[in-house]
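A short worksheet on the structure shown next.
For ligands, and for the atoms within them, numbers begin at 1 and follow the listed sequence.
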Amino acid sequence: MKRILITGALGQIGSELASFLRKRYGNENVIASDIKHVPDEIINQVGVFEHIDCLDAQEICSVINKYKIDTVFHLAAVLSASGEKNPQLAWKVNINGLYNVLEIAREYKCAVFTPSSIAAFGPSTPKDKTPQETVQRPNTIYGLTKVTGELLCDYYYSKYGVDTRGVRFPGIISNVALPGGGTTDYAVEIFYEALKNKKYTCFLNKDTYLDMMYMPDALKAALNLMETDPSRLKHRNAYNVTAESFNPEQLAREIKKYIPDFEMNYDIDPMRQAIADSWPNRLDDSAARKEWGWSPDYNLEAMTKDMIEKLEVKLHVSV
Ligand code: AKB
């Protein structure tokens, strides 16, 4: 990787991936892009930025040309809960956007990283130690687009030799940008509410187990996979990765160690609960460990400690 383009760079992962990759490859070699325009107050922090709507192939093409891009981290996507509210938009953005990126990557010989998700699994998938290769019959539009995306990326690799790679991300927990429109968002919101108001009303049931990962591990996963010698990769699109699996009650208990009077309440959102119930409890990520050395640094305890320390500074509160 020498010249990198990130789509969806103002989103939860993109906001941190850009600075993470710039530290490694140099500021001028990482181009951030998004359909949104950069708010004036953060324009100086964003670095090289271009406006790209991934549904406009011409816009992608001209940026790839302008900066001689050789690797695309294609993050622009509509997440699970937003997708159920507007399935047509989710299909358009997640599938047509990816198709445009892959076609341009074929023409300009770019490598492509595309995140898949635990959403690529469905109710008939084994819930525990979910294998790398197993039943994939999701029942959300987001999940459908993720399975289709995995297959499309594999197709571009085998048919055209495009160097496509991806991971099935779990819920990502971070303290920089908020997630938007996901089912796992509770695991981020809870920290902000705990620190600001000492209480949180969770939209998922207390015993809903889901895979989760702290942002530093997610960034490491994307980078390590893209830097691995291609001869080691057998599964490409896309690798199961996880760092921790917990339910809302366990997360609340961990937060209470720092904020003893934190109060957790529940007001279940049937739509998001149904999505969460259709996803695995915990993935088996042994293929990623074996093929490119995946190994997370943060578990529930270490992640909670770091989130609280970072958010205390960001929100100007102390526990
Ligand atoms: C979502 O909840 O939609 C995402 C995901 C697990 O892909 N965070």
Next on the checklist: I'd like to know if the side chain of Q132 and the backbone of A238 have a donor-acceptor N/O pair within less than 3.5 Å.
Outcome noted: yes
Next on the checklist: Taking 4.0 Å as the limit for heavy-atom contacts, which would you say applies to I172 with ligand 1: side chain only, backbone only, both, or neither?
Outcome noted: neither
Checklist entry - Nearest protein heavy atom to atom 5 (C) of ligand 1, by residue and atom, and its distance? => result S117 OG, 3.5 Å
Checklist entry - atom 8 (N) of ligand 1: which protein heavy atom is closest, and how many Å away? => result T184 OG1, 2.9 Å
Checklist entry - Can you list the atoms of ligand 1 that are under 4.0 Å from a heavy atom of W279? => result 1 (C), 2 (O), 3 (O), 6 (C)
Checklist entry - At a 4.0 Å threshold, what atoms of ligand 1 neighbour a non-hydrogen atom of L79? => result 3 (O)
Checklist entry - To which protein heavy atom is atom 2 (O) of ligand 1 closest, and what is the distance rounded to 0.1 Å? => result T183 N, 2.7 Å
Checklist entry - Do we see a donor-acceptor contact under 3.5 Å between the side chains of T208 and Q273? => result yes
Checklist entry - Just by distance, with hydrogens left out, do N175 and Y214 show a side-chain donor and acceptor under 3.5 Å apart? => result yes
Item to check | Check: S80 N/O within less than 3.5 Å of ligand 1 N/O | outcome: yes
Item to check | Side-chain donor or acceptor of N240 paired with backbone N/O of L283 under 3.5 Å | outcome: no
Checklist entry - Under 3.5 Å, is there a donor-acceptor pair linking the side chains of Y266 and E249? => result yes
Checklist entry - G182 heavy atoms, cut-off 4.0 Å: which ligand 1 atoms fall inside? => result 1 (C), 2 (O), 3 (O)
Item to check | Short N or O distance, D185 and ligand 1, threshold 3.5 Å exclusive | outcome: no
Checklist entry - For K68, does its backbone N or O pair with a side-chain atom of R3 as donor and acceptor, under 3.5 Å? => result no
Checklist entry - Does some side-chain heavy atom of T183 sit less than 4.5 Å from a side-chain heavy atom of Y142? => result no
